There are 2 protein chains.
Amino acid sequence: MHNEPTSKAERTRQFIIEKTAAVFNEKGYAGTSLNDLTRATGLTKGSIYGNFENKDEVALAAFDYNFNRVTAYIKARILAADHSIERLLVYPAVYRNCLKIPFLQTGCPILNTATEADDTHPLLKEKAANALSFWKKSVENQVKRGMERGEIKADTNPAQIAAVLMSLVEGAFMQAKVTGRNTELRIAMDFLEKMILDLKV
Amino acid sequence: MHNEPTSKAERTRQFIIEKTAAVFNEKGYAGTSLNDLTRATGLTKGSIYGNFENKDEVALAAFDYNFNRVTAYIKARILAADHSIERLLVYPAVYRNCLKIPFLQTGCPILNTATEADDTHPLLKEKAANALSFWKKSVENQVKRGMERGEIKADTNPAQIAAVLMSLVEGAFMQAKVTGRNTELRIAMDFLEKMILDLKV
DNA sequence: TCTAAATTATACCAGTTGGTATAATTTGCT
DNA sequence: AGCAAATTATACCAACTGGTATAATTTAGA
């Protein structure tokens with residue numbers, strides 16, 4: 001983490017990303033207008049276009065920012081644990097409360113971006129797909145680490161755990177978000193927890 | 001199924017819904033313009049507004065149509081089976097191939113609508129939430145029926161089965177749609193199948 | 001077949017969209 | 001402090017947005 005001499009423009013660029021990220025996640029790409037961006041930042045169009053090529057570039061940067069926040073939050077909690085089972089349990093523990101976590105209040109960035117962009121916006125679609133790959137690899141690596149350390153049963157299939165974990169989280173998150181209740185989310189996360197605990201040797 | 005004397009307007013209304021439903025599911029509510037609607041139908045704005053109050057009303061009708069198609073398809077396959085386990089297995093069997101089913105090619109209507117509308121469009125949001133409730137009740141009823149008939153273990157929790165089944169389907173569908181591959185979908189549906197088979201007495 | 005009513009097309013509206021020159025203002029280096 | 005360069009604001013653009021009167025055309029019953 002070296003502090004490079006940030007120019008005004010670099011700082012403004014970052015400021016724009018931080019202020020608009022929530023708007024993009026809330027309203028989607030098509031639903032967010034340049035006007036929304038100026039309102040969210042207090043800047044003018046000229047200023048925004050001085051730092052970004054177009055709306056696309058802001059949206060792409062905003063997605064990275066949103067995804068990064070989630071990743072950093074999860075990562076911190078994972079590193080705080082040592083045992084692989086504990087580490088995997090971070091996912092149900094976090095998403096169980098997703099409706100209360102500030103930057104998840106407007107929904108999961110991956111889910112939001114994936115469902116909007118899959119048929120309409122190739123660049124955003126690719127970002128969402130890459131985010132899923134990254135997440136998948138992370139989970140798989142935690143499982144493998146657990147197996148190497150003798151903490152997780154040797155016959156465990158990392159790819160299976162990752163696919164089921166991610167599907168449960170995303171599917172349950174969607175339901176919680178749109179129904180406004182977390183009954184199903186709680187059930188799904190309870191189930192996921194048991195599944196993870198069942199991996200213990 | 002009584003054939004009421006359908007007026008021209010009623011037929012046109014239905015025609016508009018059928019032709020625009022796919023567009024709404026593909027581009028979303030905000031991403032679909034009146035222009036898209038005229039292009040999809042070959043009709044003019046005047047004609048569309050002669051049959052609908054506004055874009056909202058078309059979108060809401062289109063959602064019902066989209067959801068209905070999925071429901072009808074699933075229902076037909078469920079009724080073709082008798083044993084409760086077989087009936088529940090319809091879900092993984094169908095969604096395993098979701099990328100190839102014509103009216104699911106633009107994604108799951110519930111998922112698409114839920115993620116776009118949850119923060120932006122109360123009416124659509126409610127429709128998505130109601131669709132989830134309907135689906136949940138259907139699964140729960142199948143499980144209960146199976147328990148009454150002695151086909152499903154007595155200690156099964158219908159709400160749990162419904163929540164896990166729906167989360168797995170929606171989460172895995174999303175991944176398949178955005179990555180363009182069905183590896184994770186297949187894994188998740190395999191898992192779901194085993195879970196359902198495990199309910200057998 | 002005629003005709004009143006129902007339906008569809010035309011032509012328009014004001015407001016908004018994403019985007020861009022250009023002018024005004026800040027920066028930050030010497 | 002002075003000044004060139006980088007940054008931000010202003011004012012504008014054509015295209016498109018959802019929506020609406022009104023005119024033209026169909027429809028279908030007598």
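This is a predicted model, so every value here is computed, not measured. Letters A, B, ... are given to chains in the order of the sequence lines, protein chains preceding strands, and every chain is numbered from 1.
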[X] side-chain N/O to [N] phosphate OP1/OP2 under 4.0 Å:
X: B:Thr12; N: C:dT8; value: yes
X: A:Asn51; N: D:dT7; value: no
X: B:Thr44; N: C:dT8; value: no
X: B:Arg11; N: D:dA28; value: yes

- Sort and list the pairs that fulfil salt bridge (charged side-chain N to carboxylate O under 4.0 Å, His left out) and have at least one residue in residues 39-55 of chain B, not counting sequence neighbours.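 Listed by first then second residue: B:Asp36-B:Arg39.
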
- Considering heavy-atom distances to DNA chain C, does A:Glu53 or A:Asp36 have its closest nucleotide positioned more toward the 5' end?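 Going by which nucleotide is closer to the 5' end, it is A:Asp36.
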
Nearest-Å distance for atom pair [atom1]/[atom2], residues [X] and [N]:
X: B:His121; N: D:dG18; atom1: NE2; atom2: C1'; answer: 13 Å
X: A:Leu43; N: D:dA9; atom1: CG; atom2: P; answer: 6 Å
X: A:Lys27; N: C:dG18; atom1: NZ; atom2: P; answer: 11 Å
X: A:Ile16; N: D:dA9; atom1: CD1; atom2: P; answer: 10 Å
X: B:Asp56; N: D:dT17; atom1: CG; atom2: P; answer: 17 Å
X: B:Lys55; N: D:dG19; atom1: NZ; atom2: P; answer: 8 Å
X: B:Asn35; N: C:dT17; atom1: CG; atom2: C1'; answer: 14 Å
X: A:Glu57; N: C:dT20; atom1: CD; atom2: P; answer: 12 Å

Residue [X], side-chain heavy atoms: nucleotide from [options] that is nearest:
X: A:Asn54; options: C:dG19, D:dA28, D:dA9; value: C:dG19
X: B:Tyr49; options: C:dG19, C:dT7, D:dT20; value: D:dT20
X: B:Leu34; options: C:dG19, D:dT7, D:dG19; value: D:dG19

- Message: So which atom in A:Tyr49 and which in A:Asn54 form the shortest heavy-atom distance, rounded to 0.1 Å?
- Response: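 Minimum heavy-atom separation between A:Tyr49 and A:Asn54: CE2-CA, 3.6 Å.
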
- Item | Sugar-phosphate only, base, or nothing, as touched by B:Thr32 at under 4.0 Å among non-hydrogen atoms |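 Since only primed, P, OP1 and OP2 atoms lie under 4.0 Å of B:Thr32, the category is sugar-phosphate.
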
- Query: What does B:Ser33 touch in the nucleic acid at a heavy-atom separation under 4.0 angstrom: a base, only the sugar-phosphate, or nothing?
  - Reply: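 B:Ser33: backbone/sugar contact only, no base atoms under 4.0 Å.
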
- Query: Are B:Thr179 and B:Glu184 linked by a side-chain donor-acceptor pair shorter than 3.5 Å?
  - Reply: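 No, no side-chain donor-acceptor contact under 3.5 Å.
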
- Item | Cationic N near anionic O, under 4.0 Å, A:Arg96 to A:Glu193 |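 A salt bridge links A:Arg96 with A:Glu193.
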
- Item | Donor-acceptor pair present, A:Lys45 side chain and C:dG19 base, under 3.5 Å |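 Indeed, a donor on one side and an acceptor on the other fall under 3.5 Å apart.
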
- Between B:Trp135 and B:Tyr91, what is the ring plane arrangement, given parallel below 30°, perpendicular above 60°, and tilted in between?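 Correct class here is tilted.
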
